[in-house]
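Single-structure report; data block below.
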Protein chains: 2
Amino acid sequence: MATPQLTKNQSLVMGALAHSEGPMSAYTILDKLRDQGFRAPLQVYRALDKLLEYGLVHRLESLNAFVACTCPDDHEHDRGVTAFTICEGCGQVTEFHDEAIEERLSTLVRGQNFKTEKTTIEIRGHCSSCA
Amino acid sequence: MATPQLTKNQSLVMGALAHSEGPMSAYTILDKLRDQGFRAPLQVYRALDKLLEYGLVHRLESLNAFVACTCPDDHEHDRGVTAFTICEGCGQVTEFHDEAIEERLSTLVRGQNFKTEKTTIEIRGHCSSCA
DNA sequence: GCAATTGATGTAATAACATTACATGGCAAT
DNA sequence: ATTGCCATGTAATGTTATTACATCAATTGC
Ligand SMILES: [Zn+2]
Ligand SMILES: [Zn+2]
Ligand SMILES: [Zn+2]
Ligand SMILES: [Zn+2]
């Protein structure tokens with residue numbers, strides 16, 4: 001999935017997430033972009049949908065929030081599983097990937113005859129600074 | 001964490017989840033329990049909080065919904081990670097546990113000096129019937 | 001050029017999910 | 001009886017996400 005040129009709204013949302021310290025909810029993004037002309041949730045959600053599709057952004061299900069992808073390259077996402085640690089203290093989110101987990105999960109779900117479309121792995125806890 | 005006697009509201013919510021085919025949102029549970037005298041979301045959320053604490057119910061983050069635990073015994077939850085496959089076709093949810101995954105995640109997270117409190121693993125896709 | 005299509009955008013309204021605040025009731029310990 | 005504790009009842013509000021409909025711009029085919 002090659003990433004096409006981003007539209008104006010997509011660029012604005014991408015920029016907001018990229019410059020943010022941590023994850024942001026759609027409504028937080030909306031507030032940040034009011035000065036840029038954003039007025040309604042849908043402007044954010046539509047941009048996010050595309051950015052998620054392109055793999056530039058991830059959704060954190062346990063937070064109802066979004067983060068910019070921190071992968072150096074795209075290719076990690078093509079077949080891979082993305083996992084996150086999420087610190088409850090400072091909000092820091094760390095994205096990581098691991099083949100061993102992928103393969104083990106793959107084996108387990110194959111045993112159920114289950115066809116995976118998307119895998120969510122989110123680990124809530126405290127980072128080294130906030131322990 | 002021994003499970004105390006459930007209160008009336010907790011029993012009603014537990015019953016609704018246990019007899020349900022699949023996961024239910026808090027508001028769906030509320031509707032099912034109107035005849036039993038439930039009138040407000042808080043009655044459901046309060047009961048769910050306790051049931052989650054006792055490990056009798058799990059929350060599916062990617063669905064904003066809840067399922068009864070299907071473990072034969074409690075002891076799987078004490079130290080363990082709970083994972084789910086969720087079929088987008090029929091809504092079927094299957095809970096499973098795997099030590100290999102737990103250990104691998106534990107190793108990876110320790111490498112970050114991260115202290116895990118709760119791990120979410122949810123696999124969306126299609127079950128054998130809905131492939 | 002011009003209609004038709006397509007994709008992005010704008011706006012309003014509504015739906016779905018969750019929490020805060022405050023009042024009440026039951027029951028056990030003192 | 002008073003106190004403390006926990007479960008409950010009720011209303012209001014806050015937060016997250018979608019539906020519906022109108023408009024605009026770029027492209028395509030004629
Ligand atoms: Zn990523
Ligand atoms: Zn931290
Ligand atoms: Zn369980
Ligand atoms: Zn299915």
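Note that this is a predicted model, so its numbers are computed, not measured. Just so we're on the same page: letters track the sequence lines, and every chain starts at 1.
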Discussion item. Going by the rule side chain to side chain contact (heavy atoms under 4.5 Å, CB included), which residues pair with B:Ala68 if we only count those two or more places apart in sequence or in a different chain?
Written reply: B:Met14, B:Leu17
Discussion item. Would you say A:Thr120 and B:Glu61 are linked by a side-chain donor-acceptor pair, where the criterion is simply a distance under 3.5 Å?
Written reply: no
Worksheet item: Can you give the first and last nucleotides of DNA chain C, 5' to 3', that have an atom under 4.0 Å from a heavy atom of chain A?
Response: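 On DNA chain C, the outermost contacted nucleotides are C:dA8 to C:dT11.
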Worksheet item: For A:Glu88, what residues pass the salt bridge (charged side-chain N to carboxylate O under 4.0 Å, His left out) criterion, not counting sequence neighbours?
Response: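 For A:Glu88, the residues satisfying salt bridge (charged side-chain N to carboxylate O under 4.0 Å, His left out) (neighbours in sequence not counted) are A:Arg124.
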Expressed as a whole number of angstroms, how long is the span from [X]:[atom1] to [N]:[atom2]?
| X | N | atom1 | atom2 | answer |
| --- | --- | --- | --- | --- |
| B:Leu48 | D:dT8 | CG | P | 13 Å |
| A:Leu60 | D:dT16 | CG | P | 13 Å |
| A:Ile29 | D:dT15 | CD1 | C1' | 14 Å |
| A:Arg46 | D:dT18 | CZ | C1' | 11 Å |
| B:Gln43 | D:dA7 | CD | C1' | 11 Å |
| B:Asn64 | D:dT15 | CG | C1' | 11 Å |
| B:Gln5 | D:dA7 | CD | P | 13 Å |
| B:Leu42 | D:dT8 | CG | P | 11 Å |

Worksheet item: Passes side chain to side chain contact (heavy atoms under 4.5 Å, CB included), A:Tyr54 versus A:Gln10? Steps please.
Response: CA-CA 11 Å; A:Tyr54 305 151; A:Gln10 288 160 21; 4.0 Å; yes
Discussion item. Judged by each residue's nearest nucleotide on DNA chain D, which is more toward the 5′ side, B:Pro41 or B:Thr7?
Written reply: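 Its nucleotide being nearer the 5' end, the pick is B:Thr7.
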Discussion item. If I take atom OG1 from residue B:Thr116 and atom CZ from residue B:Arg110, how far apart are they, to the nearest 0.5 angstrom?
Written reply: 9.5 Å
Fill in: Nearest-0.5 Å distance that lies between atom SG in B:Cys69 and atom CD in B:Glu95
4.0 Å
Discussion item. Which heavy atom of B:Ser25 sits nearest to which heavy atom of B:Thr28, and what is that distance?
Written reply: OG-OG1, 2.9 Å
Worksheet item: Any side-chain N or O of B:Asn9 less than 4.0 Å from the OP1 or OP2 oxygen of D:dA7?
Response: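 No, B:Asn9 has no side-chain N/O under 4.0 Å of OP1/OP2 on D:dA7.
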Worksheet item: So do A:Phe96 and A:Ile123 actually touch side chain to side chain, heavy atoms under 4.5 Å?
Response: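 Yes, close enough: below the 4.5 Å cut-off.
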Worksheet entry | From D:dT18, D:dA7, D:dT16, nucleotide with atom closest to A:Tyr27 side chain |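 Selected nucleotide: D:dT16.
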Strictly distance-based, threshold 3.5 Å: is any side-chain N or O of [X] a donor or acceptor partner for the main-chain N or O of [Y]?
| X | Y | value |
| --- | --- | --- |
| B:His97 | B:Gly80 | no |
| A:Glu122 | B:Thr119 | no |
| A:Ser20 | A:Gly22 | yes |
| B:Gln43 | B:Arg39 | yes |

Discussion item. Does this structure show an ion pair linking A:Asp31 with A:Arg34, if we count only N-O contacts that are shorter than 4.0 Å?
Written reply: yes
Worksheet item: Between residues 10-26 of chain B and DNA chain D, which residues have a heavy-atom gap below 4.0 Å?
Response: none
Discussion item. Short of 4.0 Å, heavy atom to strand atom, which residues of residues 30-39 of chain A count as contacting DNA chain D?
Written reply: none
Worksheet item: Which dot-bracket notation, 5' to 3', represents the base pairing of DNA chain D when pairs are defined as Watson-Crick or G-U with both distances under 3.5 Å, crossing pairs as [ ], and inter-strand pairs as |?
Response: ||||||||||||||||||||||||||||||
Practice prompt. Report yes if the distance between the aromatic ring centroids of A:Phe84 and A:His58 is under 6.0 Å, otherwise no.
Written response: yes
